[in-house]
Peer 1: 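I have a structure here, written as structure tokens, and I will follow up with some questions on it.
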Amino acid sequence: MSIASTILRACDAEGGQNVAFGLVAIALAAAVFYVDTYTDIEGAVAVLYVVAMLLAAQATTRIGLLVIAAVCAALTLLSYGMTHGDDVDLQSTIRLNVALAAMFVTTVLLLKTETARLTLLSINSALKESEARYRSIFNRTRVALWEWDYSKLRSHLMDVRAQGVTDMLVHARADPAFVDHCISLIRVVAANEAAREMLGPESSVVGVLRRSITSGQEKFLDVLQVIMDGERIFEGKVEVRADNGEDKLVLLSISFPEVPAAFSRVVVSMVDITQRELALKALAEAQAELTKASKAATVGAMSASLAHELNQPLGAIVVNSQTLLRWLDRDPPDLAAVRRSAERMIRDSQRASEIIQNTRSLLSPSSNELESVSLDRLVDDTMALMEHELQRSGTTVLVDRKPHIPPISAVKIELQQVLINLITNAIQAMVGANGPERSITIATERPDAEHVYIAVRDSGPGITEDARDKLFAPFFTTKATGMGMGLSICRTMLEARGGKLEGTNHPEGGAIFEMRLLIKPEVEHV
């Protein structure tokens, strides 16, 4: 009874499962003990305890298995003592050792089997937990996710590649039905709630690809090329159409596995970027409008200078006209002098026309064509435009020209606008500070083989610590009536051509702004 209770308790450690195996093992062990002890059968009957151990192993734990092995070994020794206690011989001793060795080997093997079983159970449990976590993340995340079966498609593409095809675009042009056939090979396995919200309740049906992707077949061919080339990631912007007919721009991301067998469940994500793209488009349009407004403001600020510039050629035209009339009134008329006056009138008229044309070109939408620009000529022309403003503010300008600076490929009007803005800011800063001396130094230099720069330094109070970090931020200004867009637009224009605009304080006082320009710009048209 004590043996049976021990084995049953060991079986209970497994939670009462497979009790039948335990009962059969008990009965078999009792039968083996009886036959080995109370019959005259000469043989290694005790070896049959191994069968009882194998049966009991189905219903017990490692500890229970050790208990069963110990009990079977004890029964074997007890039977041997009861039957051969006074008459020990070699054959019976050999049979005893064979039986004990068989039970020992069986116990070791069963323990290893149990260890492997427990390890497998642990791995299976961890796999189930991992699958549960993945499924929870898959279903609850706010990113639209699908699981698509690409296994048939990959097999088809591998067959196509084996035929010598390497370019999907070329192959699709030669076989118009190729794309539709490839789409039909993809099966939607699952879709989360966010996917159904994005495209509608039909987003998990097989035909979702054919119905929803509206960007044309180029993007899909890119996906096919990625699979054929064995790459892992595909990302791209595609247009999709929801069940309600609404078109959306999404960022499509597909992560392909390394193992071909895993292509049966490929995770596909879509992020709706429609509003972001609309916002970026609106921002670009607003920036274009602000740039145009800045140009108009620049022209307004130059009105006084233009009036001063036009006065000179127009006044010269009047004087030359009066002179021409006097030469004509002579008897006989001095035609040579008349011709010289007429030529001067033509020259001054052309000068006035150029001034007006330059002003109009600032607002012209077609003024962004690249041209060869000499920095020296650029500075001279800008100084001519700013002459009246410089005289009115009592500002002197020193131009430091370095030799051998090549012309650059740029939009002259854009550079002139930036230079006018920097000079105007310098004048306003010095006027606001009421300093005893107002001077601006403009320096041109070629720091390396690819760049040139123009530096504008003033003798004003410099840039305050608070303003330094926000200097080029939109709508930041230190002026009571300023918009805070001048420097921001200037930097944006230069950066669009691969240039830079930086501002800081000069060690000897005042602020200094540097325009760093590419001799050959990276972007030729905006």
Peer 1: Quick one: pull up CZ in Arg187 and CG in Leu153 and give me the separation to the nearest 0.5 Å.
Peer 2: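 Arg187 atom CZ to Leu153 atom CG measures 13.5 Å (nearest 0.5 Å).
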
Peer 1: Under 3.5 Å, is there a donor-acceptor pair between the side chain of Asp458 and the main chain of Ile440?
Peer 2: no

Peer 1: Under the salt bridge (Lys or Arg N to Asp or Glu O under 4.0 Å) rule, collect the residues that match up with Glu246, sequence neighbours excluded.
Peer 2: none

Peer 1: Could you state the interatomic distance from CG (Leu120) to OG1 (Thr115), rounded to the nearest 0.5 Å?
Peer 2: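 It is 12.5 Å, given to the nearest 0.5 Å.
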
Peer 1: So, for Val431 and Ser393, which heavy atoms are closest and what is the spacing to 0.1 Å?
Peer 2: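 Nearest pair, atom of Val431 first, then Ser393: CG2-CB, 4.1 Å.
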
Peer 1: Verify, without hydrogens or angle tests, whether Ser122 (side chain) and Thr119 (backbone) share a donor-acceptor contact under 3.5 angstrom.
Peer 2: no

Peer 1: Under 3.5 Å, which donor-acceptor pairs do the side chains of residues 226-236 form with other protein atoms, sequence neighbours left out?
Peer 2:
| from | atom 1 | to | atom 2 | distance (Å) |
| --- | --- | --- | --- | --- |
| Asp229 | OD1 | Gln225 | NE2 | 3.2 |
| Asp229 | OD2 | Gln225 | NE2 | 3.3 |
| Arg232 | NE | Phe256 | O | 2.7 |
| Arg232 | NH1 | Glu258 | OE2 | 3.0 |

Peer 1: Verify side-chain contact (heavy atoms from CB on, under 4.5 Å) between Arg196 and Asn192, making sure each step is shown before the conclusion.
Peer 2: CA-CA 7 Å; Arg196 289 187 284 272; Asn192 68 356; 5.5 Å; no

Peer 1: Are any non-hydrogen side-chain atoms of Gln416 and Asp381 less than 4.5 angstrom apart?
Peer 2: yes

Peer 1: State, to 0.1 Å, how close Ala455 and Ile512 come at their nearest heavy-atom pair, and which atoms those are.
Peer 2: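 Shortest heavy-atom contact: CB-CD1, 4.2 Å.
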
Peer 1: Short question: side chain of Thr424, backbone of Ile420 - any donor-acceptor pair under 3.5 Å?
Peer 2: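 Here the side-chain-to-backbone pair exists.
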
Peer 1: Test of understanding: with side chain to side chain contact (heavy atoms under 4.5 Å, CB included), list the residues that count as partners of Asp159, not counting sequence neighbours.
Peer 2: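 Once residues adjacent in sequence are excluded, Asp159 has no partner under the side chain to side chain contact (heavy atoms under 4.5 Å, CB included) criterion.
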
Peer 1: Does Arg457 come within less than 4.0 Å of Glu508, counting only side-chain N to carboxylate O?
Peer 2: yes

Peer 1: How long is the straight-line distance from CZ of Arg377 back to OG1 of Thr382, given to the nearest 0.5 Å?
Peer 2: 10.5 Å

Peer 1: Quick one: side chain to side chain donor-acceptor pair (under 3.5 Å) partners of Ser151, sequence neighbours excluded?
Peer 2: Asp149

Peer 1: Could you give me the CA-CA distance, side-chain angles and deciding distance for Leu415 and Ile408, then say whether side-chain contact (heavy atoms from CB on, under 4.5 Å) is met?
Peer 2: CA-CA 11 Å; Leu415 298 184; Ile408 65 173; 3.8 Å; yes

Peer 1: Given the rule in the side-chain contact (heavy atoms from CB on, under 4.5 Å) test, do Phe178 and His171 qualify, once you have shown the distances and angles that lead to the verdict?
Peer 2: CA-CA 8 Å; Phe178 176 71; His171 184 66; 3.6 Å; yes

Peer 1: Using 4.0 Å as the upper bound for N to carboxylate O, is an ion pair formed by Arg265 and Glu147?
Peer 2: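 Judged by the 4.0 Å cut-off on N to carboxylate O distance, Glu147 and Arg265 do form a salt bridge.
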
Peer 1: To the nearest 0.5 Å, what is the distance between OG (Ser155) and CZ (Phe263)?
Peer 2: 9.5 Å

Peer 1: Can you measure from OG (Ser459) to NE2 (His506) and round to the nearest 0.5 angstrom?
Peer 2: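 Interatomic distance, Ser459 OG to His506 NE2, rounded to 0.5 Å: 12.0 Å.
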
Peer 1: Could you check if a side-chain atom of Glu239 sits within less than 4.5 angstrom of a side-chain atom of Lys248, using non-hydrogen atoms only?
Peer 2: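 When only atoms from C-beta onward are counted, Lys248 and Glu239 do not touch, as no gap falls below 4.5 Å.
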
Peer 1: Is there a side-chain contact between Leu501 and Leu422 (heavy atoms, below 4.5 Å)?
Peer 2: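 Yes; the side chains approach each other to less than 4.5 Å.
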
Peer 1: Keeping to residues at least two apart or across chains, list the side chain to side chain donor-acceptor pair (under 3.5 Å) pairs with something in residues 442-451.
Peer 2: Glu445-Tyr453, Asp448-His451, Asp448-Arg516

Peer 1: Taking only residues two or more places apart in sequence, or in another chain, which ones meet Leu54 in a side chain to side chain contact (heavy atoms under 4.5 Å, CB included)?
Peer 2: Val50, Thr106, Leu110

Peer 1: Any idea which heavy atoms bring Ala25 and Ala52 closest together, and the distance?
Peer 2: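 For Ala25 versus Ala52, the nearest heavy atoms are CB-O, 3.4 Å.
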
Peer 1: At their closest point, which heavy atom of Gly503 faces which heavy atom of Ile463, and how far apart are they?
Peer 2: C-CD1, 4.0 Å

Peer 1: Any salt bridge (Lys or Arg N to Asp or Glu O under 4.0 Å) involving residues 164-179? Give me the pairs, sequence neighbours left out, ordered by first then second residue.
Peer 2: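 Counting only pairs at least two positions apart or across chains, no salt bridge (Lys or Arg N to Asp or Glu O under 4.0 Å) contact touches residues 164-179.
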
Peer 1: Contact between Asp247 and Thr274 at the side-chain level, heavy atoms closer than 4.5 Å - yes or no?
Peer 2: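 Asp247 vs Thr274: side chains apart.
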
Peer 1: Checking Lys402 now: which residues fulfil salt bridge (Lys or Arg N to Asp or Glu O under 4.0 Å) with it, not counting sequence neighbours?
Peer 2: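 Lys402: salt bridge (Lys or Arg N to Asp or Glu O under 4.0 Å) contacts with Asp400.
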
Peer 1: Considering only heavy atoms from C-beta outward, does the side chain of Phe220 approach that of Ile183 to under 4.5 Å?
Peer 2: yes

Peer 1: With heavy-atom distances below 4.5 Å as the criterion, would you say the side chains of Ile454 and Val418 are in contact?
Peer 2: no

Peer 1: Among all residues two or more places apart in sequence or in another chain, which pass the side chain to side chain contact (heavy atoms under 4.5 Å, CB included) test with Ser269?
Peer 2: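 With neighbours one apart ignored, the set is Val143, Leu145, Ser253.
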
Peer 1: Checking Asp380 against Val399 for the side-chain contact (heavy atoms from CB on, under 4.5 Å) test, could you report, in this order, the C-alpha distance in whole Å, the side-chain angles of both residues, the deciding distance, and whether it holds?
Peer 2: CA-CA 9 Å; Asp380 291 341; Val399 180; 5.6 Å; no

Peer 1: Check whether any side-chain heavy atom of Leu370 sits under 4.5 Å from a side-chain heavy atom of Arg497, and report yes or no.
Peer 2: yes

Peer 1: For Thr166, check side chain to side chain donor-acceptor pair (under 3.5 Å) against everything at least two apart and list the hits.
Peer 2: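 If we apply the side chain to side chain donor-acceptor pair (under 3.5 Å) test to Thr166, skipping adjacent residues, there are no hits.
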
Peer 1: With side chains defined as the heavy atoms from C-beta onward, is the minimum distance between Ser125 and Lys128 less than 4.5 Å?
Peer 2: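 A side-chain contact under 4.5 Å is absent here.
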
Peer 1: Atom CG in Leu157, atom NZ in Lys152: separation rounded to 0.5 Å?
Peer 2: 14.5 Å

Peer 1: Taking side chain to side chain donor-acceptor pair (under 3.5 Å) as the test, write out the residues that go with Arg161, two or more places apart.
Peer 2: none

Peer 1: Hey, could you give me each pair passing salt bridge (Lys or Arg N to Asp or Glu O under 4.0 Å) that has a residue in residues 268-281? Not counting sequence neighbours.
Peer 2: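 Passing the test, one end in residues 268-281: Lys237-Glu277.
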
